[in-house]
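Everything below concerns the one structure shown next.
When reading the values below, keep in mind they use all heavy atoms of this one structure, side chains included, and skip hydrogens, waters and symmetry mates. Order of appearance sets the numbers: ligands from 1, and atoms from 1 within every ligand.
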Amino acid sequence: MRVLTLTALALFASSALAAQNPPRAPEPPAPDPRIHAIVAAVSADRIRETVTRLVGFGTRHTLSDTVSDSRGIGAARRWVKAEFERISTACGGCLEVLYVSDTVGPTPRIPLRTLVVSVLAIQRGTSDTSRHVLMSGDIDSRIGDGMNATDSAPGANDNASGLAGTLEAARVLTRHRFNGTIVYAALSAEEQGLNGGQIVARYAQAHGWRITGVLNNDMIGNVQGIDGQTDATTARVFSDGTPPTETEQERTRRRSTGGEVDGISRQLARYVDRTADRYVPGLDVWMIYRLDRFGRGGHHRPFADLGYPAVRIMETHENYNRQHQNIRVENGVAYGDVLEGVDFGYAAKITALNAATLAGLSWAPAPPRTVRLGGAGQPAAVLTWAAPEDSANVAGYRVYWRRTDAPTWESSRDVGNVARHTFSGNIVDNYFFGVAAVARDGNESVVVFPGTDR
Ligand SMILES: [Zn+2]
C-alpha cells in the first residue's frame, strides 16, 4: 500500500480531517542508505542461475532418489548445503550451515517412514543473538500426482523461485553484520504436508529462539496470471489476523479492547508493506487478510501455529497451468512449472523486499515489551511499555496510530527514550495505537499492538 504524500496529507489536514485528534503526521523518511544498497545488490541473473540449477535435478519430490548426485531430492539438498557453505566462505565463515531433519510417516502423502531434511544457514547477530528472523523457500517439487516421485517435476516457480530468492538474500546480506540473527531456510516436504517447516519450527522452539518474523516465500516469479492479468509491480503478503495460540483469556480481552486485525503476523505484514514503500522501487505490497491462499497451505503456517509472527510472500496473479502440472501440451495450452514461466526480474524485486525487511528488522532493536493501553473514560489514551532485551540499541520509541478501519498505520510521533506516552485530548475508542523501538541508525522494530505480547 502506498502512503499519502506530504502534499496529500496537507490537503487532507486542511479539510475533512482537520478536526481529528490526534492529527495525521507524515511518515518518517527512509532512514538507512545501506538498505538501498542491499536492494540494488540483488541480482536477477544469479536468481536465474540458481533456479536453473535446481530445475536441473529433474525432480525434487520428497520421496525421490536420495543417492544420485545428479537427480532427486538428495542431490538437490546437498547442492543447497554446499551453496550456503560457498556463501559462508565468501564472508569469512559468517554462516553456520546445518541439516535439520526428522523421520516422517506413514502419513497420507508420505506412506513409508522417510527422512525429511531441511537446510539452515544461520548468520549470528552481533548483540542480540537469541533474536531471530527467518526467510524461507522450499526445496521440494511435485507434478499432478502428488505421489509421483520419478517423473520430471521442475518446480521452477513452485518453489525453486522462493529458494533461489532465499539463497540470493544470503549472498547479499552476508556482506553486512546485524544486531539480530538471520536464518536462511531451505525447507523440505512442503507439498507432502508442511513437514519440513513443522520440523524446523519445533527445532526453533526447542532451541529457545525469539522469533520476530518469518518471511516464507512460495512462488515469487510468475507474472502472467490465470486471470489474464500480467503484473510485475505488486506482491501479496498473507497473514493471520490473530494468532491461533491466543488463550481464552486473551480472546476475551480482545473482544473488550479490539484487535482482531492486529495480531503479531499482521503487524509483520504491515512492516513488509512499509518496507516496500520505502525501499523497493516498482513494487507495491497487497496485504491479504488471510493466513494463506483460500483453502491452501504454506510453510509459514507451522511457525504461525506455534505462535510466531509469520507471513507468506508471493506473486499476485498465480497461473494454475504452471503449478503441480505434468509437462504437456493439451488443446494448444502448455502445462508445466518450467523455467520459461519465471520472470527473474520480478523474483529479484520480491527478493529485494525480503532482504530489506530482514536488514531493517535485524539492525533495529527488538520490539518493546508489555505494551499496554489505558484511558477508558478519560480524555486521554495512555500507552505504556517496557524496553526490549537489547535496550542498549534503542535510541527512542515511535508511537503509531490510525483510524480503527484503516489497514495500515497512518501516523506516528517520536516520543524519545521513555516508557509511556499520553495522547491527551483524545478519546481512546476512536483510534488504534501501537509502539515501535527505534535504533540510532533509524531502523525500527515491528509495531507492537497493546496486549499482543506476553
Ligand atoms: Zn506447490
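The list of disulfide (SG to SG under 2.5 Å) pairs with a residue in residues 72-103, not counting sequence neighbours, reads Cys91-Cys94.
Taking the six-membered ring where the residue is Trp, the centroids of Phe433 and Trp401 are separated by 6.0 Å or more.
If you look at Glu191 and ask which of its N, O or S atoms sits nearest the Zn ion (ligand 1), the answer is OE2. Asp158 contributes OD2 as its N, O or S atom closest to the Zn ion (ligand 1).
Within the coordination shell of the Zn ion (ligand 1), defined by N, O or S atoms under 2.8 Å, Glu190 is absent. Here Asp218 fails the criterion, with no N, O or S atom under 2.8 Å of the Zn ion (ligand 1).
For Asp240, the side chain to side chain donor-acceptor pair (under 3.5 Å) test picks out no residue, with sequence neighbours left out.
Between Phe449 and Trp409, the ring planes lie tilted relative to each other; the angle falls in the 30° to 60° range.
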